[in-house]
Amino acid sequence: MTTKQVLPLIAQIPQSIVGFLESSSSLWSSSLSKTTQAHARILKSGAQNDGYISAKLIASYSNYSCFDDADLVLQSIPDPSVYSFSSLIYALTKAKLFSQSIGVFSRMFSHGLIPDTHVLPNLFKVCAELSAFNVGKQIHCVSCVSGLDMDAFVQGSLFHMYMRCGRMGDARKVFDRMSEKGVVTCSALLCGYARKGCLEEVVRIFSEMEKSGIEPNIVSWNGVLSGFNRSGFHREAVIMFQKMHRMGFGPDQVTVSSVLPSVGDSEMLNFGKLIHGYVIKQGLLKDKCVISAMIDMYGKSGNVYGIIKLFDEVEMMETGVCNAYITGLSRNGLVDKALEMFELFKEQKMDLNVVSWTSIIAGCAQNGKDIEALELFREMQVAGVKPNRVTIPSMLPACGNIAALGHGRSTHGFAVRVHLSDDFHVGSALIDMYAKCGRINMSQIVFSMMPTKNLVCWNSLLNGYSMHGKAKEVMSIFESLVRTRLKPDFISFTSLLSSCGQVGLTDEGWKYFSMMSEEYGIKPRLEHYSCMVNLLGRAGKLQEAYDLIKEMPFEPDSCVWGALLNSCRLQNNVDLAEIAADKLFNLEPENPGTYVLLSNIYAAKGMWTEVDSIRNKMESQGLKKNPGCSWIQVKNKVYTLLAGDKSHPQIDQITEKMDEIREEMRKSGHRPNLDFALQDVEEQEQEQMLWGHSEKLAVVFGLLNTPDGTPLQVIKNLRICGDCHSVIKFISSYAGREIFVRDTNRFHHFKDGICSCGDFW
DNA sequence: GTAGGGTTAG
């Protein structure tokens, strides 16, 4: 076409376009004022109704983040096109104003406009960012109906959206239909499966990549590493790491932080130190994840020095790093230091998140700081941090440990409200908590209401019934477990054997002991042997128990010998007791319990010289029995009661009640030589009396505070001693109370002065 | 115009 031919055509171009052409240079200019000027010129020339011009104007305003102006332009167009909307949607998405972006889209849709292949990727990106799976799915439908779902960009963003929403199944369907699959998409899929713990898929995709000529890069390798790590294959993760290194992929900060958890779990401290050296050389110690993972590795390997040194050196006050530090400290028993650091972090107004709170709560609950754990759980909510599916099973053991039923119940309520009660971890922790608080019926209800149960849930229930001495129930639950597709493990058998021991079911005990290895291929561990020794010993078959110990394929530990010694006390067998005690003196020379048990056995036989000699031996070693300690919960507050402690605010009332009970006992002819007024306990300083002291306090306190007698008090951690039992028995018959007493992990139920189970009483 | 990886809590 010649110039001569073109010129008449140009003359026919409408005036509006001429206006646009005049202003076009300003529209692509670099300042907002020029855009405003262009806008004015467009309005003057009447070009504002032109879709293309308006769209450019919208884009230009958006470019300067003037979204309101852009939207005004959009709204002024009488008949807007997809393109006009998409300019604004694109800009809003880019500015991360996702909700507004979706809002503009819905306006576009209500104009009857169908999104095109340019808008769709933006929309999917928005849904991915907002995890708006349902909206995304609907837009996916729109793209299918309009036949746009075969577009590579649409597919790519759709795939990403499903991945971000954690919908691996949907993502996989899109992936399988994708026309172009590159290393990026494959790695993304691989990493997605790794996060979900689908190791098989991870490995399959990785090998298929190689087969189909897609060269895996460092991201793919990192995904494989994290897959092994997440699925608990720690050794394998380390091996892959070494293989990757050999193949010439230099580990980066992501590689290091992916493999370090596995190094820690395999307790390969030296290898961890090697990585530490590499990290320093490569200058990766600036990365927060690397530091957290490094602290975590030292913590898991028991290297407290490593944790503290690294934390002090890096001086990085970042939430993740601090969380790893808290966990590392409490994992190694330094819970006081952890609490101290946590306080410091709070003072420094650090941004503590749900992991921070959960870490310190779990640290407390695992290190005997149960009351602190409950207090922190409350404080966390006051601080506006919402407990999640990890927090709840971390704090529930604290409720169980101190039989704080009220706290446990309200946590259960919380879990139900936030829809977490079906979670395996939460459910199992609830079952355990209720059992430890004496409410085995609630454990049963929680269990029955769970839509699906894993082995941990079953084991919690088995252990609960076992704790309550209900062997028949344990066996019947075990039968139900066997009928499921789940296979019982060594923990299931521990509950079975322990409950058989409690009620003297020797034959059943042997049956399960052999069933464990013969039918299920589970090798008996130390705890199974202790259960068997206990079972045989209680049944009076001490020699058989001792023979079993001698036949053990590995060295018996203190629990096994302790079980034998305890049985010897029940059967008054001095010879075997001396053998067992001798082993225990070697294994745990610091444990005063062994001396006391042995001396009791001597005393029962009237061997007073031996009694004296054992007592002297104990004293010469400077050993003392731990003071008794109990907890009791009254109206949602947990009270700790320590032997010899008079600091309780109601000590006078308690003493008064004690006197009253003592008087009643005298009148009704109960063991008149027993005296359990507090002052007498202290004056006499008799060990037996001291042991019973705190429990009496708890029982009496419970009576005082529950005048209507409705709540059954669960008293934890009772030390076995005759004096205290008599008190509990007496109170139970005298006051007509049902009293539950928990002796470490076993329950005794008193009604009308009779204990329903156990020969201790 | 789309698009990939890591740490710390049970």
Side-chain angles (χ1 to χ4, degrees), chain A residues 83 86-87 89-90 93-94 115-126 128 151-161 163-164 171 174-175 178 180-192 194-195 216-227 229-230 251-261 264 284 287-297 299-300 318-328 330-331 352-363 365-366 380 385 387-397 420 423-426 428-429 456:
Chain A
Y83 186 52
S86 66
S87 299
I89 290 173
Y90 172 64
T93 309
K94 209 172 169 191
D116 62 13
T117 53
H118 294 270
V119 200
L120 282 169
N122 280 302
L123 297 174
F124 290 134
K125 186 179 179 172
V126 170
D151 179 86
F153 287 116
V154 172
Q155 284 177 333
S157 53
L158 184 58
F159 169 73
H160 176 68
M161 186 271 292
M163 291 289 296
R164 287 285 295 269
V174 178
F175 178 85
M178 276 167 91
E180 295 166 32
K181 285 173 214 168
V183 64
V184 172
T185 319
C186 290
S187 305
L189 187 71
L190 190 150
C191 292
R195 271 193 295 271
N217 60 14
I218 189 151
V219 180
S220 335
W221 275 97
N222 290 346
V224 174
L225 278 184
S226 97
N229 176 36
R230 298 248 176 162
D252 65 1
Q253 67 277 19
V254 180
T255 322
V256 169
S257 27
S258 303
V259 79
L260 275 173
L284 299 177
D287 188 285
K288 60 179 181 168
C289 291
V290 170
I291 299 168
S292 316
M294 195 73 78
I295 291 176
D296 178 62
M297 182 278 296
K300 283 177 183 162
E318 189 272 336
T319 308
V321 172
C322 295
N323 296 350
Y325 191 46
I326 294 281
T327 306
S330 20
R331 205 194 284 277
L352 297 173
N353 60 17
V354 62
V355 180
S356 325
W357 287 96
T358 309
S359 304
I360 190 71
I361 290 170
Q366 289 159 5
M380 147 180 205
V385 181
N388 67 8
R389 61 178 64 246
V390 183
T391 320
I392 293 167
S394 303
M395 71 79 66
L396 279 173
L420 286 179
D423 182 274
F424 289 148
H425 286 110
V426 173
S428 314
V456 181

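Lettering of chains follows the sequences in order, A, B, ..., and the numbering in each one begins at 1. Just so you know, these numbers use all the heavy atoms, side chains as well, and skip hydrogens, waters and symmetry mates.
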* Short side-chain N/O contact from A:R331 to OP1 or OP2 of B:dA9, under 4.0 Å -> yes
* **Smallest separation among heavy atoms of A:F124 and A:M161, with atom names** => O-CG, 3.5 Å
* Euclidean distance, atom CG of residue A:D151 to atom P of B:dA3 [Å, nearest integer] -> 14 Å
* Does A:R230 place a side-chain N or O at less than 4.0 Å from the phosphate oxygens OP1/OP2 of B:dT7? -> yes
* Send over the distance from A:D252 CG to B:dT7 P, rounded to a whole Å. => 13 Å
* Asked: Among the nucleotides B:dG1, B:dG10, B:dT8, which one has an atom lying closest to any side-chain atom of A:Y90?
  -> B:dG1
* Minimum heavy-atom distance between A:G320 and A:E318, given as atom pair plus value -> N-OE1, 2.8 Å
* Side chains of A:V256 and A:L284: does their closest heavy-atom pair fall under 4.5 Å? -> yes
* Asked: Base, sugar-phosphate alone, or nothing: which one does A:N353 contact when heavy atoms must sit under 4.0 Å apart?
  -> nothing
* Does any donor-acceptor pair link the side chain of A:S257 with the base of B:dT7 at a separation under 3.5 Å? -> no
* To do: Have a look at A:V290 and say if it touches a base, only the backbone sugar-phosphate, or nothing, with a 4.0 Å heavy-atom cut-off.
  => base
* Base, sugar-phosphate, or nothing: which does A:G320 touch, judged by heavy atoms less than 4.0 Å apart? -> base
* **Among B:dA9, B:dG6, B:dG4, the one nearest A:V184 by side-chain distance** => B:dG4
* **A:L396 CG to B:dA9 P, straight-line distance once rounded to whole Å** => 19 Å
* Give one of base, sugar-phosphate or nothing for A:P397, where a contact means two heavy atoms less than 4.0 Å apart. => nothing
* Structure fact -> Of the candidates B:dG6, B:dG1, B:dG10, the side chain of A:V390 sits closest to B:dG10
* Asked: B:dG4, B:dA9, B:dG6: which one has an atom nearest the side-chain heavy atoms of A:S258?
  -> B:dG6
* **Rounded distance in Å - NZ (A:K300) to C1' (B:dA9)** => 11 Å
* To do: Tell me which nucleotide among B:dT8, B:dG6, B:dG1 gets nearest to the side chain of A:F153.
  => B:dG1
* **Rounded distance in Å - CE (A:M380) to C1' (B:dG10)** => 12 Å
* Starting at CH2 of A:W357 and ending at C1' of B:dA9, how long is that distance when rounded to a whole Å? -> 14 Å
* Sugar-phosphate only, base, or nothing, as touched by A:T117 at under 4.0 Å among non-hydrogen atoms -> base
* Do A:S356 and A:N323 meet the criterion of a side-chain donor-acceptor pair at a distance under 3.5 Å? -> yes
* Round to the nearest Å and state the distance from A:L260 atom CG to B:dT7 atom P. => 11 Å
* To do: Could you tell me whether A:H160 contacts a base, only the sugar-phosphate backbone, or nothing, with contacts defined as non-hydrogen atoms closer than 4.0 Å?
  => sugar-phosphate
* Structure fact -> Shortest non-hydrogen pair, A:V354 vs A:M380, comes out as CG2-CE, 3.8 Å
* So, A:D296 side chain and A:G299 main chain: donor-acceptor pair closer than 3.5 Å or not? -> no
* Among B:dG4, B:dA9, B:dG6, the nucleotide that comes nearest once only the side chain of A:V355 is considered -> B:dA9
* Phosphate-side-chain proximity, A:Q366 and B:dG10, N/O vs OP1/OP2 below 4.0 Å -> yes
* Asked: In whole angstroms, how far is the C1' atom of B:dG10 from the CG atom of A:D296?
  -> 14 Å
* May I ask you to say what A:S359 touches in the nucleic acid, namely base, sugar-phosphate or nothing, with a heavy-atom cut-off under 4.0 Å? => sugar-phosphate
* Looking at every strand, decide which applies to A:N122 at a 4.0 Å heavy-atom threshold: base, sugar-phosphate, or nothing. => nothing
* Asked: Within the structure shown, what part of the strands sits under 4.0 Å from A:T185 by heavy-atom distance: base, sugar-phosphate, or nothing?
  -> nothing
* Check if the side chain of A:D287 and the base of B:dG6 share a donor-acceptor pair of N or O atoms closer than 3.5 Å. => yes
* For A:D423, which contact category applies under a 4.0 Å heavy-atom criterion: base, sugar-phosphate, or nothing? -> base
* The side chain of A:V354 lies closest to which of these nucleotides: B:dG10, B:dA9, B:dG1? -> B:dA9
* Polar pair under 3.5 Å, donor/acceptor by atom type, side chain A:S187, base B:dG4 -> yes
* Asked: A:I218 versus A:T255: any side-chain heavy-atom pair under 4.5 Å?
  -> yes
